[in-house]
Amino acid sequence: MSKGVKMADEKKLMKALADAILSYDSAAAEAAAKEAIKRGLDPLEAIEKGLSPAIEEVGKKFEKMEIYLPELMLAADAMRSSMSLLLPLIPKGKALSKGTVVIGTVQGDIHEIGKNIVSNMLMANGFEVVDLGVDVKTSAFVDEARKSNAKIIGASALMSSTIGSQKDIVDYLTSMKVRKKHAVMVGGGPTTGEWSKEIGADGWGEDAATTVKLANRLVKRK
Amino acid sequence: MANAKLVFLSKDEQDLIHESSLKSLNDIGMMIRSDSTLKMLSESGADVDFQKKIARIPEEMVAEALKKAPRSIRLCARDSKNDMIVPTAGPPYAATTGLGVYVRDMNTGEKRPSTRKDIADFIRLGDGLDGVDFLWTSITANEVPQVTHGLHELWTAMQNTTKHVNGVSVMSADDSRKQIELAALIAGGEEELRKRPLFSVICCSIAPLSFEGGAVEGMIELVKGGIPIMSMSMSLSGGSSPVTLAGTITNANSENLASLVITQFAAPGSPHIYCSSSAPISMKTGMINYMTSEQPLIAAGLGQMARRYGLPSMVGDWGINDMDTPGIPHPFTTILGITLSTMTNTDLVSGIGGIDAVKGVAFDQAVIEANIWKNVRAYMRSVAISEETIALDVVKEVGHGNTFLTHPHTARNFKKELHFFDEKTLAWEATLSDNMVSEAKAVAERILKEHTVPRLDDSIIRSGDEVIAEYERRVEA
């Protein structure tokens, strides 16, 4: 229990955070986080007991096809609204992130819808996500991964003509002798599991849901 | 002539979509990541924000572009018997799928990255199939440098068919220049190629309302060389366009009009084909979903818009097999989807031979779909409605209550008037995947063994290879 916050109040604040996520409401999520901070709720507890169970519930509903991508994305947006206020208040060393993922659409390709879905889903599932945007140079993926000590690089490509850049990322990591430090996930329209294996990537995300599962596996890997 | 067409939009609804498209281009504008293109549009009357790379295109420019665009285009082939003139009065012309990245081996079922050898075989198979009228370059040459993959694909395709080739890749103005040089070797020079364009190229905008720099500059280079382009919009409901069908149709229409403005101001009168490959995204995975009831309706709306403008179109397509094995995994949805999406006023369609939602190709799948298409297009054939075919004189001769079966008019006309389904492929339909795939495989094997395409002169092939090699050396340097 957070210091100085009455049990009844704490429950109410937690419920407001959860309700905001469950009703896909970013403005409410932001307001609930502000209120929680103002009332002295421990930010780590706010995330762990308020937000996380709610986003998990959203994830389960999605799996059961009770809700679809639009609701899922809005829930992730709401989650981000709260998290961006709460996370900076958590002392270093108590970080609860599963790990950092550097993500982007590869060089020569400016398609971003798929990448954005994955980015949001990863964030909603407890990953720290550095989204480099579109048309990202191979070296930029690797530089950012080294800088932010990312466990995973996620490279999206929508065109048959640009998926070669995913291989470039793997090759570049190898040539820099840091291949084992960063797992590489590939995804996007023309990619396949075979392609991922062929280029020596660590896994293929067929869609956003499988990419999250893949990321969970990759961060557990030593 | 009567033709069955899917009519979706009323005249008023077409007007609203047209006016909304004009408003979209004028108010929201297009983001174009090419300064030279922005400069050309600015000089032609568009309101350009060079910083944000947004061109707001006024109504007058659209009207001017529509005035300049040609109303009839001849898509030529190495063998002029295979030329296609669009718009067509009858059923659309059909092409193979594209652009996949792997090929499925017919014998082992193995999926492997496609190479030029696979392109050559797949194109030659298409050349030998009746249901295939022209060839998309269909699969990627994975073994060549990424920057020249499109050139290798085009060059390999053109060597292996006497039908029209439709390229699906344009990366830059340089790339387009080389495509023209390659085709000119076969046509007998660039001026000859301009008169008889042996290939055309799909040039995509990126929905919503943007153009990648290399692609748009490449498109301009192509039309300056007289090469027909298809301005493909992939407006994906709920993803890259509003989730509403009206919003999707309007977005695809707006992007097509923007492409038309660019081609007609860059090269007035250049051959331009209105084009879309639009469908909703899956609300479960976010991926493009062709297997929906919305896809044919979107295509129908766009086909009507193209006809309204008097432009030839390629708005119907199918990506029917979403499994990675050949067959017809969802018979009802598949056949209805193909039939309706091609009955949309479209002049060109594509999709033959794709598996795994267009990620790969399978030779046996191409045979199956070419056969489906031969049956489906029967529903779209031109039927003469005239005093002669109404045949009141024959009715008078036969008289009340008698039979027409024995009248010479029936014997003379029944083969012209009635479509006969091929018994063998009807049997395939009954067995769906079992006999269908094995028999289609046998057909594919026979065509690959027996069907030959006249070889180009060795000197032409050598020159083409050198064009690509020289480009590769230059790019690498």
Side-chain angles (χ1 to χ4, degrees), chain A residues 61-73 105-121 134-135 138 156-168 171 186-199 204-212, chain B residues 31 33 98-102 104 110-114 137-151 153 168-172 175 204-208 210-215 234 236 238-241 243 280-288 319 324 355-360:
Chain A
K61 280 187 184 173
F62 179 71
E63 293 271 322
K64 285 189 273 181
M65 288 180 76
E66 287 171 12
I67 61 168
Y68 289 87
L69 274 178
E71 294 108 324
L72 187 77
M73 297 284 281
T105 303
V106 298
Q107 188 162 11
D109 203 329
I110 61 170
H111 294 87
E112 64 176 340
I113 294 172
K115 184 263 298 168
N116 288 350
I117 295 172
V118 171
S119 176
N120 266 4
M121 289 270 284
V134 298
D135 193 12
T138 301
S156 170
L158 197 80
M159 301 195 289
S160 315
S161 55
T162 57
I163 62 172
S165 297
Q166 295 177 331
K167 181 176 187 298
D168 293 346
D171 292 348
V186 295
T191 60
T192 58
E194 284 82 3
W195 165 251
S196 163
K197 268 186 214 140
E198 190 200 326
I199 64 171
W204 170 55
E206 184 174 11
D207 54 36
T210 57
T211 308
V212 170
Chain B
M31 174 183 273
R33 294 165 194 256
L99 182 65
V101 292
Y102 74 78
R104 183 183 185 276
E110 181 204 1
K111 295 191 280 181
R112 54 184 169 71
S114 45
T137 43
S138 291
I139 27 178
T140 311
N142 281 290
E143 79 282 20
V144 304
Q146 192 165 328
V147 70
T148 50
H149 82 99
L151 293 177
E153 286 147 23
V168 298
S169 174
V170 51
M171 301 177 89
S172 64
D175 176 47
C204 285
S205 47
I206 295 185
S210 50
F211 279 106
E212 197 270 315
M234 294 184 76
L236 310 183
S240 60
S241 70
V243 74
I281 59 166
S282 155
M283 285 295 157
K284 187 70 186 162
T285 64
M287 286 187 280
I288 185 165
D324 60 4
I355 55 170
D356 202 357
V358 194
K359 282 183 191 178

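Proteins come first, then strands; the chains are lettered A, B, ... in the order of their sequence lines, and each starts at number 1.
Contact of A/Glu198 with chain B is made through the side chain alone, with heavy-atom distances under 4.5 Å. Looking at B/Thr140, the atoms closer than 4.5 Å to chain A (heavy atoms on both sides) all sit in the side chain, from C-beta outward. Neither the backbone nor the side chain of A/Met73 has a heavy atom closer than 4.5 Å to any heavy atom of chain B. For a residue to count as touching a neighbouring chain, one of its non-hydrogen atoms must lie under 4.5 Å from one of that chain's; by this rule B/Leu99 touches chain A with backbone and side chain alike. If you measure heavy-atom distances from B/Arg112 to chain A, you find no contacts under 4.5 Å at all. For A/Thr210, no part sits under 4.5 Å from any heavy atom of chain B, backbone or side chain.
Between A/Glu194 and B/Lys111, the shortest heavy-atom contact is OE2-CE, 3.1 Å. Nearest heavy-atom pair across B/Gly286 and A/Ile117 is CA-CD1, 4.1 Å. Considering every non-hydrogen atom in both A/Trp204 and B/Lys359, the closest pair reads CZ2-NZ, 3.4 Å. Across A/Asp207 and B/Met287, no two heavy atoms sit closer than the pair CB-CE, 4.2 Å. Residues B/Gln146 and A/Ser165 approach most closely at OE1-N, 3.5 Å, considering heavy atoms. When every heavy atom of A/Thr192 is checked against every heavy atom of B/Asp356, the shortest pair comes out as CG2-OD2, 4.5 Å.
Expressed to the nearest 0.5 Å, how far CD1 of B/Ile206 lies from CG of A/Asp109 amounts to 7.0 Å. Atom CE of residue B/Met31 and atom CD1 of residue A/Ile110 lie 8.5 Å apart, to the nearest 0.5 angstrom. Between A/Trp195 atom CH2 and B/Asn142 atom CG the span is 6.0 Å, to the nearest 0.5 Å. Rounding to the nearest 0.5 angstrom, the gap separating the CG atom in A/Leu72 from the CE atom in B/Met283 is 12.0 Å.
Highest contact tally toward chain A, considering only B/His149, B/Lys284, B/Met171, is held by B/Lys284 [criterion: heavy-atom pairs under 4.5 Å].
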